[in-house]
Protein chains: 2
Amino acid sequence: MDNDEHKVVPIKKNMEPAQRPLTLKDVSLASGVSEMTVSRVLRNRGDVSDATREKVLKAAKELGYVPNKIAGALASSRVNLVAVIVPSLSNMVFPDVLTGIQEVLDGTPLQAVFGVTNYSPEKEEEVLFEMLSWRPSGIILAGLEHSDASRSMLRSSGIPVVEIMDTDGEPIDAVVGISHRRAGREMARFIVRNGYRNIGFLGSKMPMDHRARKRFEGFTEALAKEGIEVQDQDFYDGGSSLLKGREMTARMLARTPELDFLYYSNDMIAAGGMLHCLDNGIDVPGQVGLAGFNGSEFLAGFARRLATMDSGRREIGREAARIIAERTADAALPPGQKIELSPRIEPGDTLVRK
Amino acid sequence: MDNDEHKVVPIKKNMEPAQRPLTLKDVSLASGVSEMTVSRVLRNRGDVSDATREKVLKAAKELGYVPNKIAGALASSRVNLVAVIVPSLSNMVFPDVLTGIQEVLDGTPLQAVFGVTNYSPEKEEEVLFEMLSWRPSGIILAGLEHSDASRSMLRSSGIPVVEIMDTDGEPIDAVVGISHRRAGREMARFIVRNGYRNIGFLGSKMPMDHRARKRFEGFTEALAKEGIEVQDQDFYDGGSSLLKGREMTARMLARTPELDFLYYSNDMIAAGGMLHCLDNGIDVPGQVGLAGFNGSEFLAGFARRLATMDSGRREIGREAARIIAERTADAALPPGQKIELSPRIEPGDTLVRK
DNA sequence: TTGAAAGCGCTAACAT
DNA sequence: ATGTTAGCGCTTTCAA
């Protein structure tokens with residue numbers, strides 16, 4: 001849509017005359033109770049008589065008082081915010097992680113705040129700095145690879161840090177995820193065990209995506225042990241899409257017709273590849289076997305069930321949030337937990353030959 | 001993945017001994033410059049000699065000082081946060097909106113903070129209260145339907161409020177979106193003009209989703225003008241998926257075989273319906289025409305291009321963010337703008353018969 | 001160009 | 001059960 005086509009209509013609004021926001025004092029005055037007691041009522045703290053409590057709540061409600069957390073946080077040096085930093089939202093995988101985080105935090109006083117890095121370490125550094133400057137109670141961020149500056153900010157932040165998605169590497173504090181190397185290895189073995197020998201790989205450009213790279217490394221490593229080499233490989237820029245998967249698959253099969261298996265770095269492009277094969281009468285898995293990665297829900301909708309591997313995204317979010325919640329509730333808990341989930345192969349209909 | 005299978009490994013960490021976070025005073029001491037001047041340097045404010053500036057920056061960097069925005073915000077009563085409240089992240093549509101918002105805010109001092117309501121007005125009220133208590137510079141939230149309490153909080157917040165996605169209703173302040181009634185009407189006319197008469201509708205349960213409801217209302221209204229009634233309709237609970245689209249379509253076509261068109265409330269279930277038809281040898285659009293809604297990118301990956309209507313999600317995010325940014329930069333700007341985008345029908349291959 | 005004092009709106013800690 | 005006092009770490013304002 002071009003800007004030109006927007007229909008822009010100014011509308012007259014009698015907004016309330018941008019009043020000064022209400023403070024505790026206003027509620028105190030309105031209810032005839034000291035600021036301190038008002039504060040107690042509003043936070044359910046300490047002993048307050050029912051009569052006073054009701055007076056205060058009534059006054060607060062009638063005035064429409066909204067507490068100022070900025071002031072509260074400064075005074076109490078407690079900020080019930082959890083910073084969550086992910087590389088992308090358009091990815092299908094991170095929304096699931098965020099959902100898992102929300103589920104757990106909803107049962108606590110903590111509130112998640114999201115930042116997005118677009119897979120850029122510099123941007124990550126900026127977002128991190130910005131978020132740390134709000135003095136959150138904890139940080140959850142994707143991956144184990146960060147700039148030196150980011151690592152040192154995290155280390156000296158004094159708050160629980162949970163790195164998620166990936167366990168292959170040295171965490172700063174706690175880590176929840178899967179081993180992508182192992183995921184790659186296991187998939188390689190499974191593929192070979194099912195009789196495939198001419199294997200192609202399609203993935204996103206590696207420097208951006210460490211987890212895809214590690215899967216690829218584990219994959220080729222396990223193949224090498226069987227004396228097998230990847231016959232062809234192709235890498236794409238930017239986001240994943242069905243269309244890219246389709247096009248890349250067409251190109252690769254044309255270029256290297258002897259391939260009998262294609263391993264993709266995610267379900268979206270894998271599904272595109274599957275559509276290409278099915279639409280072009282390529283026998284799957286008879287002629288070519290296929291596998292993706294992530295265990296995405298949308299795979300359930302296709303005629304053929306694509307082989308994949310569940311990456312436990314939601315569970316990862318839940319566990320990460322649980323760690324933060326526990327450590328926030330009890331500062332005496334030790335740092336440095338590692339939770340490695342076990343991804344499981346879902347063979348679907350595109351891997352095991354009848 | 002069950003909890004039982006997690007491999008949990010405690011790891012020893014020599015975290016820095018949870019030091020007191022650094023303050024301006026520390027930088028002041030380290031650089032031999034007053035706190036005030038340090039503050040000036042760190043905010044690029046006022047006149048500071050180059051020599052002092054460098055001393056301060058060096059000290060801040062060496063110490064690893066991260067400013068405390070809580071204190072800064074309290075002192076200046078300025079908070080560079082924009083609260084963004086959406087119903088869902090798993091939806092494909094909201095990540096696009098958020099991306100649009102981020103794109104625009106990235107060029108400003110403003111920072112987006114996201115909250116999710118799961119389509120629940122009560123949850124919206126909670127999230128809104130929580131966010132307003134951080135005194136953000138502006139609010140962007142989806143839809144025009146809110147609880148009375150939410151409306152009154154928004155009205156008295158004294159900050160720019162932009163309601164997005166939908167323009168059919170009375171906005172609190174500014175609004176950016178499309179008219180879903182009009183979208184439904186236009187699609188109805190286009191369908192009828194292309195010769196279809198026996199039309200079915202498949203959508204999400206309405207009480208949750210006002211925009212889907214409005215499209216449906218506009219749709220039936222325009223059909224009625226042509227003397228046509230929707231022949232069959234079905235509504236589902238919960239999230240959208242290819243699989244649901246597939247199953248609902250199968251059921252509806254079995255139940256009402258005379259249908260020659262299916263209008264879906266979104267692209268995901270529409271694509272599922274398309275897959276059902278194609279996989280079962282149903283001639284599209286010869287026997288049944290199909291259309292979805294949203295202009296989703298992933299439609300490009302299918303063999304047949306599904307008819308849809310671009311909802312301008314990203315553009316909506318950009319415009320909303322622009323309004324907040326402008327009004328924040330210049331408080332004198334008037335409130336109450338309405339920006340209505342024009343959705344355009346993308347007929348693809350599933351609507352117009354050859 | 002730099003510094004000193006006051007205070008943002010709330011809560012911790014200590015009265016009463 | 002309620003109130004008083006003294007900050008939290010910064011920025012505003014005014015002075016030098």
Side-chain angles (χ1 to χ4, degrees), chain A residues 19-57 59-60 63-81 109 130 132-137 157-158, chain B residues 19-57 59-60 63-81 109 130 132-137 157-158:
Chain A
Q19 58 213 323
R20 165 187 65 74
L22 298 167
T23 68
L24 264 190
K25 191 181 220 164
D26 295 304
V27 183
S28 165
L29 259 35
S31 61
V33 173
S34 78
E35 286 185 47
M36 197 53 234
T37 301
V38 172
S39 170
R40 287 192 183 101
V41 171
L42 265 26
R43 287 176 299 143
N44 289 308
R45 274 288 173 65
D47 297 313
V48 182
S49 74
D50 284 352
T52 331
R53 154 169 282 102
E54 300 215 344
K55 254 196 301 191
V56 170
L57 289 177
L63 293 173
Y65 172 67
V66 178
N68 184 333
K69 290 222 178 191
I70 305 265
L74 183 62
S76 65
S77 27
R78 254 179 280 114
V79 182
N80 52 348
L81 253 29
E130 175 74 23
L132 284 178
S133 74
W134 288 101
R135 301 283 188 268
S137 296
S157 68
Chain B
Q19 59 212 320
R20 165 186 63 76
L22 298 166
T23 69
L24 263 191
K25 190 182 222 165
D26 296 304
V27 183
S28 166
L29 259 34
S31 61
V33 173
S34 79
E35 286 185 47
M36 198 49 239
T37 302
V38 173
S39 169
R40 287 195 181 98
V41 172
L42 266 25
R43 286 176 301 143
N44 290 308
R45 275 290 174 65
D47 297 313
V48 182
S49 74
D50 284 352
T52 330
R53 154 170 281 101
E54 301 215 344
K55 254 195 304 191
V56 170
L57 289 176
L63 293 174
Y65 172 68
V66 178
N68 185 332
K69 290 221 176 189
I70 305 267
L74 183 61
S76 65
S77 24
R78 257 180 276 113
V79 182
N80 297 330
L81 254 28
E130 177 75 22
L132 284 178
S133 73
W134 288 101
R135 301 284 187 269
S137 295
S157 68

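Chain letters run A, B, ... following the sequence lines, proteins first, then strands; residues in each count from 1.
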Exercise for the section: Rounded to the nearest angstrom, tell me the gap between atom NZ in B/Lys25 and atom C1' in C/dG3. Expected result: 15 Å
Practice task
With DNA chain C as reference, determine whether A/Leu74 or B/Ser34 sits nearer its 5' end, using the nearest nucleotide of each.
Solution key: B/Ser34
Handout entry: Backbone N/O of B/Lys55 and side chain of B/Ser31: donor-acceptor pair under 3.5 Å
Key = no
Practice task
Using only side-chain N and O atoms of B/Ser49, determine if any of them is under 4.0 Å from OP1 or OP2 of C/dT2.
Solution key: yes
Practice task
Let me know the distance between NZ of B/Lys69 and P of D/dT11, rounded to the nearest Å.
Solution key: 10 Å
Practice task
Mind running side chain to side chain donor-acceptor pair (under 3.5 Å) on A/Ser49 and A/Arg53 for me, showing each step along the way?
Solution key: CA-CA 6 Å; A/Ser49 74; A/Arg53 154 169 282 102; over 6 Å; no
Problem - C/dT11 OP1/OP2 closer than 4.0 Å to side-chain N/O of A/Ser76 - result: no
Handout entry: Atom-pair distance (CD1 on A/Ile70; P on D/dG7), nearest Å
Key = 23 Å
Practice task
Calculate the interatomic distance between A/Leu24 atom CG and C/dG7 atom C1'; express it in whole Å.
Solution key: 16 Å
Practice task
Rounded to the nearest angstrom, tell me the gap between atom CG in A/Leu42 and atom C1' in C/dC10.
Solution key: 11 Å
Completion exercise
note: A/Met36, atom CE; C/dA12, atom C1'; distance rounded to Å ~ 8 Å
Handout entry: Flag side-chain contact, heavy atom, 4.5 Å: B/Arg135 against B/Arg78
Key = no
Handout entry: Backbone N/O of A/Lys69 and side chain of B/Ser133: donor-acceptor pair under 3.5 Å
Key = no
Exercise for the section: Ignoring hydrogens and angles, tell me if any N or O in the side chain of A/Ser77 forms a donor-acceptor pair with the backbone of A/Leu74 under 3.5 Å. Expected result: no
Exercise for the section: Respond yes when some side-chain nitrogen or oxygen of B/Ser77 is under 4.0 Å from OP1 or OP2 of C/dG9, and no when none is. Expected result: no
Exercise for the section: Using a heavy-atom cut-off of under 4.0 Å over every strand shown, decide if A/Asp47 touches base, sugar-phosphate, or nothing. Expected result: base
Practice task
Classify the nucleic acid contact of A/Arg78 as base, sugar-phosphate or nothing, counting any heavy atom under 4.0 Å across all strands shown.
Solution key: sugar-phosphate
Handout entry: Residue whose closest nucleotide on DNA chain C lies nearer the 5' end, B/Arg135 versus B/Arg40
Key = B/Arg40
Problem - Distance below 4.0 Å between B/Tyr65 side-chain N/O and D/dG9 OP1 or OP2 - result: no
Exercise for the section: Give the rounded distance in Å between these two atoms: CG of A/Leu22 and P of C/dC8. Expected result: 15 Å
Exercise for the section: Answer yes or no: does a side-chain N or O of A/Arg43 lie under 4.0 Å from OP1 or OP2 of C/dT11? Expected result: yes
Practice task
Assign B/Thr37 to base, sugar-phosphate, or nothing according to its heavy-atom contacts below 4.0 angstrom with the strands shown.
Solution key: sugar-phosphate
Handout entry: Interatomic distance where CD belongs to A/Glu35 and P belongs to D/dA6 [whole Å]
Key = 15 Å
Exercise for the section: Examine D/dT11: is either OP1 or OP2 under 4.0 Å from a nitrogen or oxygen in the side chain of B/Ser39? Give yes or no. Expected result: yes
